[in-house]
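Any value given below was found using the heavy atoms of this structure, including those in side chains, with hydrogens, waters and symmetry copies removed. Proteins come first, then strands; the chains are lettered A, B, ... in the order of their sequence lines, and each starts at number 1. A quick note: this is a predicted structure, and the numbers were derived from the prediction, not measured.
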There are 2 protein chains.
Amino acid sequence: MNIGEIAKRAGVSRSTVSYALSGKRPVSEDTRRRIQQVVDELGYRPSASARALANGRTSTIGLVFPPAGNHYTGMQLDFIGSVVEAAAAYDYDVLLSPSGVDSDRSFQRLLGERRVDGAILMEIRLADDRVDHLATLDIPSVAIGRTARPEGSWWVGLDHTTLAAACVHHLADLGHRRVAFVNRPEQLLRAGYESAHRGLDGFTKAAAERGLTVRTYCCGDDAASGQTCVAQILHDDPATTALVTLNEAALGGLYRGLAQAGRHVPRDFSVTGVVANHWAETVTPQLTAADVPAAEMGRLAVELLVERLDHPDAPPRHHLLTPPISLRASTGPGTTP
Amino acid sequence: MNIGEIAKRAGVSRSTVSYALSGKRPVSEDTRRRIQQVVDELGYRPSASARALANGRTSTIGLVFPPAGNHYTGMQLDFIGSVVEAAAAYDYDVLLSPSGVDSDRSFQRLLGERRVDGAILMEIRLADDRVDHLATLDIPSVAIGRTARPEGSWWVGLDHTTLAAACVHHLADLGHRRVAFVNRPEQLLRAGYESAHRGLDGFTKAAAERGLTVRTYCCGDDAASGQTCVAQILHDDPATTALVTLNEAALGGLYRGLAQAGRHVPRDFSVTGVVANHWAETVTPQLTAADVPAAEMGRLAVELLVERLDHPDAPPRHHLLTPPISLRASTGPGTTP
DNA sequence: TAGCTTCACCGAACCGGTTCGACGAACGGG
DNA sequence: CCCGTTCGTCGAACCGGTTCGGTGAAGCTA
């Protein structure tokens with residue numbers, strides 16, 4: 001059942017059917033009704049492939065995962081959900097680009113074969129060849145996060161530097177002097193992930209500013225790693241009284257490690273960081289943290305991308321978000337020296 | 001840069017280029033090399049839309065979310081990840097069908113406009129019109145979960161009845177006599193979600209069999225709901241010594257509620273259920289539970305769907321999984337009456 | 001050297017839409 | 001009554017691939 005079939009049954013030409021359905025040219029009320037009736041009867045829907053071929057737009061956006069990331073975190077989940085939802089509101093579908101080792105091939109599939117009109121790049125790295133790649137292929141994109149040189153490009157990001165610093169100041173204000181930093185996994189740091197780098201930067205600088213004694217750690221994206229990481233921290237410096245983490249997935253393990261070491265949160269030990277509120281509220285005591293507004297970021301990314309698709313020559317825009325720290329129950333006064 | 005451009009530069013016809021690239025007809029080694037060279041030079045990749053139009057297949061599968069589900073859980077995340085990965089291995093892309101209120105429209109987009117070759121339906125309900133809908137549209141699909149009458153259809157599911165029963169037997173064996181059941185949210189139960197229904201069935205029957213005193217509850221998909229749910233349970237019957245849950249997202253809240261009521265897990269109170277191991281290991285003490293093999297289910301679903309796409313007349317297949325209970329640290333002997 | 005295959009390639013049709021230019025009928029103005 | 005618009009519709013071309021049938025040249029046999 002194609003447009004020709006509809007045309008035949010309605011006794012008009014194919015072009016008339018097209019115009020009647022799209023409304024791009026006037027069609028008499030009489031024929032429009034006749035066509036609509038046939039369409040309804042047969043449950044006809046124009047083929048997306050044919051339409052995409054004809055007008056050069058697929059009405060699909062690609063969601064591209066990181067090359068090194070074979071692991072989805074809770075934050076990414078919220079993000080995906082909001083992207084899909086926001087895209088639907090603009091009549092776009094969302095195509096996922098496979099992560100994993102063979103990512104280059106899938107990148108080519110999505111973008112080289114023009115399956116998508118535009119793309120959203122997740123988990124950006126400071127030096128991210130994907131951004132240039134997209135520009136070369138002339139495919140509009142919006143990055144989640146900033147590269148080292150974000151000028152002139154489209155992105156929505158979190159100000160990890162400021163957020164990590166805010167955590168440090170929060171702890172320092174409470175009187176903590178010896179603080180540890182629990183980062184994302186080492187391979188991600190080495191790969192140049194911006195959240196890991198800028199977060200580390202912000203932490204280090206703010207700590208120096210406040211004259212704190214600090215140690216920094218990388219930690220795998222799972223509970224077991226969090227547990228061993230805490231053990232390591234307390235082994236390296238038993239006088240540590242607080243930690244800041246960017247690592248959502250390790251959070252439960254961090255808590256467990258502290259409990260195991262006999263440290264009560266928040267009485268003996270304070271925990272804070274940058275974590276989606278969904279997760280911050282899951283642990284007990286609930287985590288005082290800068291809430292990652294994953295859902296909002298997804299929505300904004302789609303908005304920006306749609307604007308870019310509609311106005312190819314629009315000047316670059318971006319959103320840098322700095323959510324406040326939500327005071328919950330995982331931080332308390334540090335022991336005075 | 002289309003196939004005509006390649007043909008011109010290589011000095012051959014468009015069909016020859018097509019055959020050279022697809023290998024569906026022999027092409028002399030000489031011309032094949034010449035064509036390949038031009039292709040490499042220009043970085044040509046055939047348009048997915050045109051190809052889809054020509055051969056009637058989009059090389060894309062749809063992942064359809066539940067109409068009533070506005071919330072993604074951890075299990076669903078693992079699932080999505082494995083589906084995307086498995087699909088990539090078979091050279092398929094994955095298109096997400098927006099969830100939310102307006103799901104019917106997106107369902108039409110994906111399936112009516114034939115954006116996908118096949119679909120995977122998540123969070124199936126016992127009476128799920130989507131299954132029939134798909135059959136009507138003649139689109140091959142695989143369901144995650146069984147409808148009330150799964151005969152003759154393709155699916156991969158979890159034996160929730162048996163799993164919930166196993167949890168009951170585990171607790172009964174430990175000596176628990178008064179046990180609560182924490183189900184998915186009420187609206188999902190009412191909507192007929194199979195996991196909620198079969199899990200409840202299995203729990204109820206096994207409890208009757210073992211002569212236990214039970215109460216069943218529905219609980220929202222978040223920590224706060226879990227917390228209030230536990231409060232309600234202990235209010236309704238303070239002698240309750242254990243609970244079984246299907247509700248991953250509430251898990252953290254359940255633990256918090258118990259701690260708040262002064263019940264120590266597992267000394268005073270046992271917790272078990274059906275939960276992705278990722279989550280079971282996040283809480284402290286780690287949850288003794290039947291681990292939902294979300295990743296495996298995703299992989300199997302894709303396998304089944306691909307088989308169905310390749311062999312349209314293949315007889316229906318399915319996988320019913322019954323993972324064993326992983327003994328961790330959240331259950332212990334019940335108080336003897 | 002005629003006759004038959006085989007090989008390598010070409011041209012045209014097709015997939016199912018969109019869009020542009022044209023054309024006939026109705027209509028209004030002078 | 002003739003001419004210029006306007007309105008509604010049609011035919012054809014096009015998007016960028018795939019695929020079928022055919023054709024000329026080369027190779028082999030008799």
Quiz item: Rounded to the nearest 0.5 Å, what separation is found between the CG atom of L96(A) and the CG atom of L95(B)?
Solution: 8.5 Å
Quiz item: Do the side-chain N or O atoms of S18(A) get closer than 4.0 angstrom to the phosphate oxygens (OP1, OP2) of dT18(C)?
Solution: yes
Please tabulate, for side-chain N and O atoms in residues 16-26 of chain A, each donor-acceptor pair with protein atoms closer than 3.5 Å (sequence neighbours left out).
{"residue": "T16(A)", "atom": "OG1", "partner": "S13(A)", "partner atom": "OG", "Å": "3.1"}
{"residue": "S22(A)", "atom": "OG", "partner": "S18(A)", "partner atom": "O", "Å": "3.1"}
{"residue": "S22(A)", "atom": "OG", "partner": "K24(A)", "partner atom": "N", "Å": "3.2"}

Quiz item: Atom CZ of R32(B) and atom P of dA8(C): how far apart are they, to the nearest Å?
Solution: 12 Å
Exercise. Could you note down all residue pairs passing ring-ring contact (aromatic ring centres under 6.0 Å, His included) where residues 73-95 of chain B supplies at least one of them, sequence neighbours left out?
Key: none
Quiz prompt | Closest-nucleotide 5' rank along DNA chain D - winner of M1(B) and T31(A) | solution = T31(A)
Quiz item: What pairs of residues pass the ring-ring contact (aromatic ring centres under 6.0 Å, His included) test when at least one of them lies in residues 112-147 of chain B, not counting sequence neighbours?
Solution: F107(B)-H133(B)
Practice problem: Quickly work out the E29(A) CD to dC7(D) C1' distance and round it to whole Å. | Solution: 15 Å
Under 3.5 Å, which donor-acceptor pairs link side chains of residues 109-120 of chain A to any protein atom two or more places apart or in another chain?
{"residue": "R109(A)", "atom": "NE", "partner": "D93(B)", "partner atom": "OD1", "Å": "3.3"}
{"residue": "R109(A)", "atom": "NH1", "partner": "D91(B)", "partner atom": "O", "Å": "3.3"}
{"residue": "R109(A)", "atom": "NH2", "partner": "S59(B)", "partner atom": "O", "Å": "3.4"}
{"residue": "R109(A)", "atom": "NH2", "partner": "D91(B)", "partner atom": "O", "Å": "3.1"}
{"residue": "R109(A)", "atom": "NH2", "partner": "D93(B)", "partner atom": "OD2", "Å": "3.3"}
{"residue": "E113(A)", "atom": "OE1", "partner": "R115(A)", "partner atom": "NH2", "Å": "2.7"}
{"residue": "R114(A)", "atom": "NH2", "partner": "L137(A)", "partner atom": "O", "Å": "3.3"}
{"residue": "R115(A)", "atom": "NE", "partner": "R109(A)", "partner atom": "O", "Å": "3.4"}
{"residue": "R115(A)", "atom": "NE", "partner": "D93(B)", "partner atom": "OD2", "Å": "3.1"}
{"residue": "R115(A)", "atom": "NH1", "partner": "T58(B)", "partner atom": "O", "Å": "3.3"}
{"residue": "D117(A)", "atom": "OD1", "partner": "T58(A)", "partner atom": "N", "Å": "2.8"}
{"residue": "D117(A)", "atom": "OD1", "partner": "T58(A)", "partner atom": "OG1", "Å": "3.0"}
{"residue": "D117(A)", "atom": "OD2", "partner": "T58(A)", "partner atom": "N", "Å": "3.3"}
{"residue": "D117(A)", "atom": "OD2", "partner": "S59(A)", "partner atom": "N", "Å": "2.8"}

Quiz item: Within the structure shown, what part of the strands sits under 4.0 Å from S22(B) by heavy-atom distance: base, sugar-phosphate, or nothing?
Solution: nothing
Quiz item: Within the structure shown, what part of the strands sits under 4.0 Å from S15(A) by heavy-atom distance: base, sugar-phosphate, or nothing?
Solution: base
Quiz prompt | Non-neighbouring partners of R32(B) that pass side chain to side chain donor-acceptor pair (under 3.5 Å), sequence neighbours left out | solution = none
Hey, what are the protein-to-nucleotides 14-16 of chain C N/O distances that come in under 3.5 Å?
{"residue": "dG16(C)", "atom": "OP2", "partner": "N2(A)", "partner atom": "ND2", "Å": "3.3"}

Quiz item: How far does CG of L321(A) sit from CE of M297(A), to the nearest 0.5 angstrom?
Solution: 6.0 Å
Quiz item: Can you tell me how far CZ of R14(B) sits from CD of E5(B), rounded to the nearest 0.5 angstrom?
Solution: 12.0 Å
Any N/O pairs under 3.5 Å between the protein and nucleotides 21-23 of chain D? List them or say none.
{"residue": "dG21(D)", "atom": "N7", "partner": "R25(B)", "partner atom": "NH2", "Å": "3.3"}
{"residue": "dG21(D)", "atom": "O6", "partner": "R25(B)", "partner atom": "NH1", "Å": "2.5"}
{"residue": "dG21(D)", "atom": "O6", "partner": "R25(B)", "partner atom": "NH2", "Å": "3.4"}

Quiz item: R34(B) CZ to dA8(C) P: how many Å, rounded?
Solution: 14 Å
Quiz item: To the nearest 10 degrees, what angle separates the axes at the start and end of the helix from dT1(C)-dA30(D) to dG30(C)-dC1(D), five pairs each?
Solution: 50°
Quiz item: Within the structure, does a side-chain N or O atom of K24(B) lie under 4.0 Å from either OP1 or OP2 of dT19(D)?
Solution: yes
Can you give me the N/O atom pairs linking the protein to nucleotides 24-27 of chain C at distances under 3.5 Å, or say none if there are none?
none

Quiz prompt | Length of the CZ-C1' vector between R33(B) and dA8(C), whole Å | solution = 15 Å
Quiz prompt | Sequence neighbours excluded - salt bridge (charged side-chain N to carboxylate O under 4.0 Å, His left out) pairs with any residue from residues 304-321 of chain A | solution = E307(A)-R317(A)
Self-check item: Residues forming a side chain to side chain donor-acceptor pair (under 3.5 Å) with T31(B), sequence neighbours excluded
Solution: S28(B)
Indicate every side-chain donor-acceptor pair of residues 34-55 of chain B with a distance under 3.5 Å to a residue at least two apart or in another chain.
{"residue": "R34(B)", "atom": "NE", "partner": "A10(B)", "partner atom": "O", "Å": "3.0"}
{"residue": "R34(B)", "atom": "NH2", "partner": "A10(B)", "partner atom": "O", "Å": "3.3"}
{"residue": "Q36(B)", "atom": "NE2", "partner": "D40(B)", "partner atom": "OD1", "Å": "3.1"}
{"residue": "S47(B)", "atom": "OG", "partner": "S49(B)", "partner atom": "N", "Å": "3.3"}
{"residue": "S47(B)", "atom": "OG", "partner": "A50(B)", "partner atom": "N", "Å": "3.1"}

Exercise. Take the protein atom CD1 of I35(A) and the nucleotide atom C1' of dG8(D), then report the distance between them rounded to whole Å.
Key: 11 Å
Quiz item: Hey, what do you get for CG (L188(A)) to CD (E194(A)), rounding to the nearest 0.5 Å?
Solution: 12.5 Å
Quiz item: Between CD1 of I3(B) and NZ of K8(B), what distance do you get to the nearest 0.5 Å?
Solution: 13.5 Å
Practice problem: Identify the two heavy atoms, one from S82(A) and one from A295(A), that lie closest to each other, and give their separation to 0.1 Å. | Solution: OG-O, 3.1 Å
